[in-house]
Amino acid sequence: MELGWLLWGAPLLLLLVLLAAPLLQLSPRARFRAKVASYCALCLLSSALTAPACLLWNRGRTVHNMTIIKNVVRTFKYLYGVRFEVKGLENFEMEGPCVIISNHQSILDMMGLMEVLPERCVQIAKRELLYMGSVGLIMYLGGVIFIDRKSTSNAKSVMTDVGQAMIRDNVKVWIYPEGTRNGDGDLLPFKKGAFHLAIQTQVPVIPVVYSSFSSFYNPEKNLFTSGKIQVEVLPPVPTQGLMAKDADELTNRCYTTMRDTFFRLSGRTSVVNGGASSAAE
């Protein structure tokens with residue numbers, strides 16, 4: 001009993017203290033750091049508690065564990081006051097595999113991902129995440145595919161394997177084509193790996209766009225409050241008949257559509273000289 005308290009009681013007590021930190025008379029910077037720390041602690045603790053359930057229920061690494069993980073992570077929004085307004089979920093209702101792409105803004109993206117994640121869908125993530133303790137373990141058990149981004153040859157080999165597994169196991173793959181987090185109010189240029197994968201396997205690309213988090217989550221302003229995220233699942237983009245030489249055009253087409261949608265969902269109405277101008281300006 002005492003050992004169990006040390007393993008689970010102490011981290012849970014720490015988490016509760018950190019969650020209460022915004023109520024204390026702390027500086028904005030201290031409140032922000034405390035809330036981010038509470039979020040990271042919650043991720044570690046919930047992953048550690050969920051891993052045994054995945055092992056007992058599904059007996060190891062499998063995409064079916066993502067259903068368990070999704071149900072756990074979807075409770076986080078109640079703790080942090082994050083609301084989601086989702087449109088277009090019917091676009092996930094298709095037979096067979098596909099490549100899903102979305103914009104990548106912050107550590108909160110995991111909540112957004114799990115809010116709309118379709119069945120039989122796995123993510124592609126950087127290999128470094130595999131070594132993040134219980135979080136890495138739960139990602140592994142959920143079937144997440146890890147890529148060494150520093151090794152181009154390794155990444156290409158893994159993507160080839162991913163394509164074969166998609167067709168063989170009838171799974172969807174979720175990729176962040178920006179390659180890294182970007183919370184500056186725009187989209188970074190897309191890397192082409194996701195689009196080569198879709199063309200290689202001749203499966204559709206489904207873009208998913210999340211509105212800007214900057215009104216309630218902004219590290220530069222030490223801001224982490226409650227807020228609403230608008231999510232839009234766009235219609236599938238077919239790739240049948242496309243070849244490798246068409247990857248650039250497909251990438252640009254998806255980028256333009258997603259960027260326009262991002263500005264619209266974020267309350268911006270036009271793009272001027274590569275930047276967005278607010279409707280309020």
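Below, each value reflects all heavy atoms present in this structure, side chains not excepted, and no hydrogens, waters or symmetry copies. Owing to the predicted nature of the structure, the values given are computational and were not obtained by experimental measurement.
Heavy-atom minimum distance, Ala194 versus Ile101: CB-CG2, 3.9 Å. Of all non-hydrogen atoms in Val205 and Cys254, the two that sit nearest each other are CG1-SG, 4.2 Å. In plain terms, the two heavy atoms of Phe263 and Gly185 that are nearest each other are CE2-O, 3.8 Å. Closest approach of Ser47 and Ser134 over heavy atoms only: CB-O, 3.3 Å. Residues Leu108 and Phe224 share a closest heavy-atom pair of CD2-CZ, 3.8 Å. The nearest pair of heavy atoms linking Pro235 to Asn91 is N-ND2, 3.6 Å.
Glu119 has a carboxylate O that lies under 4.0 Å from a charged side-chain N of Lys70, or vice versa, which qualifies the two as a salt bridge.
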Q: Apply side chain to side chain contact (heavy atoms under 4.5 Å, CB included) to Tyr80 and Ser226, showing your working.
A: CA-CA 6 Å; Tyr80 293 95; Ser226 59; over 6 Å; no
Q.
As a quick check of understanding, evaluate side chain to side chain contact (heavy atoms under 4.5 Å, CB included) for Val208 and Phe92, giving each step before the final call.
A. CA-CA 10 Å; Val208 179; Phe92 282 147; 3.8 Å; yes
Q.
Quick one, Val116 with Trp174, criterion side chain to side chain contact (heavy atoms under 4.5 Å, CB included). Give me CA distance, side-chain angles, the key distance, then yes/no.
A. CA-CA 11 Å; Val116 301; Trp174 190 297; 3.7 Å; yes
Q. Do Tyr176 and Leu113 pass the side chain to side chain contact (heavy atoms under 4.5 Å, CB included) test, and can you show the C-alpha distance, the side-chain angles, and the key distance before you say yes or no?
A. CA-CA 11 Å; Tyr176 295 110; Leu113 169 71; 4.0 Å; yes
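Note: Leu265 CG to Gln230 CD = 5.5 Å, rounded to the nearest 0.5 Å. Expressed to the nearest 0.5 Å, how far CG of Leu234 lies from CD1 of Ile100 amounts to 12.0 Å. Rounding to the nearest 0.5 Å places SG of Cys98 at 4.0 Å from CD1 of Ile206. Here the CG-CG distance, from Leu141 to Asn65, works out to 6.0 Å after rounding to the nearest 0.5 Å. Rounding to the nearest 0.5 Å gives a distance of 7.0 Å between CD of Gln105 and OG of Ser211. Of the inter-residue distances, the one linking Asp169 atom CG with Arg120 atom CZ reads 7.0 Å to the nearest 0.5 angstrom.
Between Phe84 and Met111 the shortest side-chain heavy-atom distance falls below 4.5 Å. Val135 has its side chain out of reach of Leu129: every pair of non-hydrogen atoms, C-beta onward, lies at least 4.5 Å apart. Residues Gln123 and Met66 form a side-chain contact, since some pair of their non-hydrogen atoms from C-beta on lies under 4.5 Å apart. Side-chain contact check for Ile68 versus Asn58: some heavy-atom pair is nearer than 4.5 Å. Residues Asn170 and Pro97 have side chains in contact (heavy-atom distance under 4.5 Å, counting atoms from C-beta outward). Proximity of Ile175 to Lys191: side-chain heavy atoms (C-beta onward) are nowhere separated by under 4.5 Å. Proximity of Glu232 to Arg264: side-chain heavy atoms (C-beta onward) are separated by under 4.5 Å at one or more points. Two residues are said to be in side-chain contact when any heavy atoms from C-beta on lie closer than 4.5 Å; Met110 and Phe76 meet this criterion.
The main-chain N or O of Met243 is found under 3.5 Å from a side-chain atom of Asp246 such that the two form a donor-acceptor pair. A donor-acceptor pair is defined here as one N or O able to donate and one able to accept, closer than 3.5 Å; such a pair exists between the side chain of Ser266 and the backbone of Ser212. Put simply, the side chain of Thr256 never gets that close to the backbone of Arg253: no donor and acceptor are under 3.5 Å apart. In this structure a side-chain-to-backbone donor-acceptor pair under 3.5 Å is present from Tyr39 to Ile107. Judged by distance alone, the side chain of Asp161 and the main-chain N or O of Ala165 form no donor-acceptor pair under 3.5 Å. Of the possible polar contacts, none joining the Asn222 side chain to the Ala30 backbone as a donor-acceptor pair under 3.5 Å is found.
In the hydrophobic clustering of ILVMFWY residues, with side-chain heavy atoms under 4.5 Å counting as a link, Trp57 and Leu117 come out apart. Residues Met139 and Met132 share a hydrophobic cluster, clusters being chains of Ile/Leu/Val/Met/Phe/Trp/Tyr side chains in contact below 4.5 Å. In the hydrophobic clustering of this structure, Leu137 groups with Tyr131; members are Ile, Leu, Val, Met, Phe, Trp, Tyr whose side-chain heavy atoms approach within less than 4.5 Å, directly or through other members. Leu79 and Val82 fall within a single hydrophobic cluster, where Ile, Leu, Val, Met, Phe, Trp and Tyr are joined by side-chain heavy atoms under 4.5 Å apart, directly or via other members.
A 6.0 Å sphere centred on CD of Gln240 holds no more than 12 heavy atoms belonging to other residues, nucleotides or ligands. Heavy atoms from other residues, nucleotides or ligands lying under 6.0 Å from CE of Met114 number more than 12.
Within the structure, ring-ring contact (aromatic ring centres under 6.0 Å, His included) pairs that include any residue of residues 187-215 comprise Phe190-Tyr255, Phe213-Phe216 (at least two apart or interchain).
Cation-pi geometry between Arg61 and Tyr140 is met: under 6.0 angstrom from the ring centre, within 45 degrees of the axis.
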